[in-house]
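Protein chains get the first letters and strands the later ones, always in sequence-line order, with residue 1 at the start of each. Worth saying up front: this structure is predicted, and the values here are computed from it rather than measured.
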Amino acid sequence: METIMHYSCETCPIKSCAVETLDIEELLILQKNCGVRVFKKNETIFQQGSLTSNIAYIKSGLVKIHKKGPVKDQILKLIKPLRFIGIPTILGERLYQYSATAIESTSVCYIDTDIFRMLILGNGKFGNEIINELCKDEIRFFERSINQMQKQIHGRLADALLFFANDIFQNDHFRMPLSRSELGDFIHATRESVTRSMTSFKKDGLIEITGKNIVILDKPSLMRVSKTG
DNA sequence: GCATTAACCACAG
DNA sequence: CTGTGGTTAATGC
């Protein structure tokens, strides 16, 4: 079921900021060393423990980055389109230290790791954009980590709902792409606690739930819960 | 003590 | 896969 096809990097309308800095020659090199593949919902893009292959650029869809912990699987972050995943593999680790799975139908552009490294070495602007990406990502991760560690479950769930509405869907009415159990893995809670917290939000008129459909009715209150727990 | 929080377990759609 | 309810251990007045 692999659908690898080639296309023109030069005319790609959704280039990353980094690739935007490349000249024609570099784009041609990139072109020869990348390929697109579409993943279905719940399909594994790469798995923790398997051999590392390429750097991946998410063109469309939604991806979860997750890792097996001592107790259970944890979703470390969700990646929306026009971002790279797997850059850390450039360190040269033989095995992936974490997994990436499509949670919606996702289109990925693979870039050969050695070519990626070569572009960084040969083009300072390209390297700079990649560093910027990694820095922003780290800041975001710190932010999320501290919130996860210091808030209790209502606050963590409120954070997640606001994240989906504001960052992922830009809409207060959306279809939750994660199962209850996955949502639990995302906010470090059990699926039962997620359900309980959700019904409590519903009871208080903060949200409306119909299966996977979620409508945020009272955003100010939800933000207050996010802040105070 | 008593209340709250959240995990664990079991059972039912 | 979800929702619910009872139980339970930890924590905080």
Does E192(A) contact dC8(B) through a side-chain donor or acceptor facing the base, at a distance under 3.5 Å? no
Starting from C1' on dA6(B), measure out to CG on L183(A) and report it in whole angstrom. 15 Å
Do V63(A) and I103(A) have side chains that get closer than 4.5 Å, going by heavy atoms? no
Want to settle it: does K212(A) or R196(A) sit nearer the 5' end of DNA chain C, counting the closest nucleotide to each? K212(A)
Specify the residues of residues 143-155 of chain A, ordered by number, for which at least one heavy atom lies under 4.0 angstrom from an atom of DNA chain B. Q152(A), I153(A)
H154(A) and S200(A), any side-chain heavy atoms less than 4.5 Å apart: yes
Boundaries of the chain A footprint along DNA chain C (any atom under 4.0 Å from a heavy atom): dT2(C) to dG6(C)
Just the rounded figure in Å: distance from P of dT5(B) to CD1 of I187(A). 15 Å
In Q148(A), R144(A), K151(A), the residue satisfying side chain to side chain donor-acceptor pair (under 3.5 Å) with D159(A) is K151(A)
Checking D112(A) side chain against I115(A) main chain: does a donor-acceptor pair fall under 3.5 Å? yes
Do L22(A) and N123(A) have side chains that get closer than 4.5 Å, going by heavy atoms? yes
Can you tell me how far the CD atom of E138(A) sits from the CD1 atom of I131(A), to the nearest 0.5 Å? 12.5 Å
Please test N42(A) against K64(A) for side chain to side chain donor-acceptor pair (under 3.5 Å), starting from the C-alpha separation and ending with a verdict. CA-CA 10 Å; N42(A) 290 328; K64(A) 67 171 176 179; 6.0 Å; no
Distance check: side-chain N/O of T190(A) vs OP1/OP2 of dA6(B), anything under 4.0 Å? no
Centres of the Y110(A) and F116(A) rings: under 6.0 Å? no
